[in-house]
Structure formats: C-alpha cells, structure tokens
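Data first, discussion second: the structure below is written as structure tokens.
Numbers here simply count residues along the sequence, with the first being 1. Counting starts at 1 for both ligands and their atoms, following the listed order. Treat the numbers as computed from the prediction; the structure is a model and nothing was measured.
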Amino acid sequence: MRNFISVHDVTNIDALVQKALAYKTDPLKDKNPGVNKRIGCLFLNPSMRTRLSTQIAAQNLGMETIVFNIGNEGWALEFEDEAIMSGTTVEHVKDAAPILGKYFDILAIRTFPSLNNREDDYSELYIKQFIKYAGIPIVSLESATLHPLQSLTDIVTITESLQTNSKFQIPNSKPKVVLTWAPHVKPLPQCVANSFSQWINAWGKAEFVITHPEDYELDEQFTKGATITHNQEEALKNADFVYVKNWSTYHDYGKIYTNDPKWMLKNKRWALTNNAKVMHCLPVRRNVELSDEILDGSMSIVTQQAANRVWAAQAVLSEILMSNG
Ligand code: CP
C-alpha cells in the first residue's frame, strides 16, 4: 500500500480487517516497523477520535508522531496550480509539501470540503496536491468526499460483532446493513456516508440499504449496488446494523432541505429491526441526530466503534510501513 485515500488503495478488505482485529488482541505485537520513522498529522479541521487514535496507532508501531494544526497555526496554503497569490494564501502546497516530505516518512491529512462548490470539493484537489508534491505516502484523515479510516473501522466493528453472532456462522449468510440519514442543524459533508457506502459495496458481504428523504441522494459512484429507499420504516425492517448519519444535499450542493425529527432514530422505529446494533461515527448531536434512548441503550455500539479506530489506523500504518520500507 502506497497511500490510503479510499477503498481503492486496499487489495483485500477482509485481510486488513483481520490485521486490525489482531492488533486489538495484541496492540504491541509489531513494535518495530515504525522505529526511527515519523508521521506528520496535519489538521486543516477539528478532530478528536481521528487525531488521537492515529497517534496511538503510530506509537504502537514504534513511530514518532508530530501533530500540526496547519489550518489554524500554519501559513494559509494555496492549492491551485499557477495561482497568482495576491489574496489570502501565503504558501503554495507545491513549496510546502516537499518540505514536509523531507521531515516525515508518512503524511496524514484532514481536510474538509467547503460545501460551496461541488466540482471543487469532489476533485479532491487538496489531498491530490499533497500526493503529487510530498513524495511520501499520504493517509487521509478524512478528505472532502471520503473518510476511509472511519469506514475501515466500521467494517472491523461489524465483523467483530458478526463473529459472536451464531446466525452469521452459516456460510454466505449476509447481515442487513442500513445507512440512514438523520436530521442535523448544520449542513454536513457527505464524506462518511459516501465512504461507508463505497466500502460496504466493495466488501460485498452485506445486504446494503440506504434510506434518506427525497433529494438527499448521494453520488452514485459510491452508492451503486445498494438498495435506496425514502421509506425509513421499510428500510429498518429486519436490519442487523443501522448506521446513522446526517449529510447535506449532494445534487443541489451543501443544502439542508429538511430537518424532519421523524428521521431521528428512536426505540419505536428501532423495534422494526432484527435487534440491530446502532452505529455512528461521532461526534453526534444528541436528540437531534440520534436519541438518548438509542445512544444510551444496549443496541448502541458507538463507543466500541470509536475505540476500534486505533486498530484500523494501526493496520493501515503497518501496511504502509511494510510496503514502503
Ligand atoms: N469520527 C471522527 O472522524 O471523529 P473526529 O472528527 O473526532 O476525528
């Protein structure tokens, strides 16, 4: 593995999941691959789980980590090639990234979308420019359109849960996994929903259903293969896993069309499921996006899911270290 930007960087999802679960069993089993290596974690946007889990994962592999809140504390970066930098940007990524490539062995970057211009966001210019100019492996800590470390964690968490469920010990039995839109007060990126869809489709080991209000369709390049319905109750029937997430509109880009509280999962609708485990990437706005009764109930596995971020990050960093000497 050279970079980790999307599911396309992974040759065998199940092997990577098993690697993550092996690290969960024995976090320090590979203490050497990162010795005398350094990872730079650049944050253009806020984070708790991704920041800390990546640091812990790197440390478990023997790596040194330096975190740089480049968005608040660094020079304002320009990403457009041939830009005339007479505005607010101070340093071109073409100049900054090669320097970071000399300081570090791996560069990890979080960069959110603007939600103003779909073409710009979906071009993934920021992360592509770092790949082009840094000369070292690049890991996405969430980009404009995808959140691959989160999605790997999500499949690790589903796999872990299936391993202890006798119903899924039968060969070729597939869980029903439902991604449901939820209300929110702010327009949020489509990254987590895009990425979860991309990974579940590529994994191919679930009956995958996406439910959202009308006009919240995601980009088909990620959802193709899933069943899509605007009827949440129908979608939830017999679900084994329910992944709750808000996203803003994709077609009329970055808008909130509805905040209908009926879409917030509560016990009454959850009762339609097959005793489903409920997932969310966090942070979550309680009683807006997801109800207290679900988050505090035994069906919620959000803490387990967030804890698994360490093992997913460790598996990815280990793959990159081992493939790039
Ligand atoms: N889920 C997730 O990426 O959390 P953070 O934004 O806190 O890193």
Quiz item: Do Arg38's NZ or CZ and the ring of Tyr103 fall within the cation-pi criteria of under 6.0 Å and 45°?
Solution: no
Quiz item: Is there side-chain contact between Asn60 and Leu28, with heavy atoms separated by less than 4.5 Å?
Solution: yes
Practice problem: Spell out, as yes or no, whether a donor-acceptor pair under 3.5 Å connects the side chain of Asn45 to the backbone of Phe112. | Solution: yes
Practice problem: Would you please test Gln190 and Tyr253 for side-chain contact (heavy atoms from CB on, under 4.5 Å) and show each step? | Solution: CA-CA 10 Å; Gln190 295 99 35; Tyr253 192 57; 3.4 Å; yes
Exercise. Kindly assign one of parallel, tilted or perpendicular to the pair His230 and His212, based on the angle between their ring planes and the thresholds 30° and 60°.
Key: tilted
Donor-acceptor pairs are to be reported for all side-chain atoms of residues 86-96 against protein atoms at under 3.5 Å, with residues two or more places apart or in another chain.
{"unit_1": "Thr89", "atom_1": "OG1", "unit_2": "Glu78", "atom_2": "OE1", "d": "2.8"}
{"unit_1": "His92", "atom_1": "ND1", "unit_2": "Lys94", "atom_2": "N", "d": "2.9"}
{"unit_1": "His92", "atom_1": "NE2", "unit_2": "Glu80", "atom_2": "O", "d": "2.7"}

Quiz item: Which protein residues have a heavy atom under 4.0 Å from ligand 1?
Solution: Ser47, Met48, Arg49, Thr50, Arg110, His147, Gln150, Cys281, Leu282, Arg309
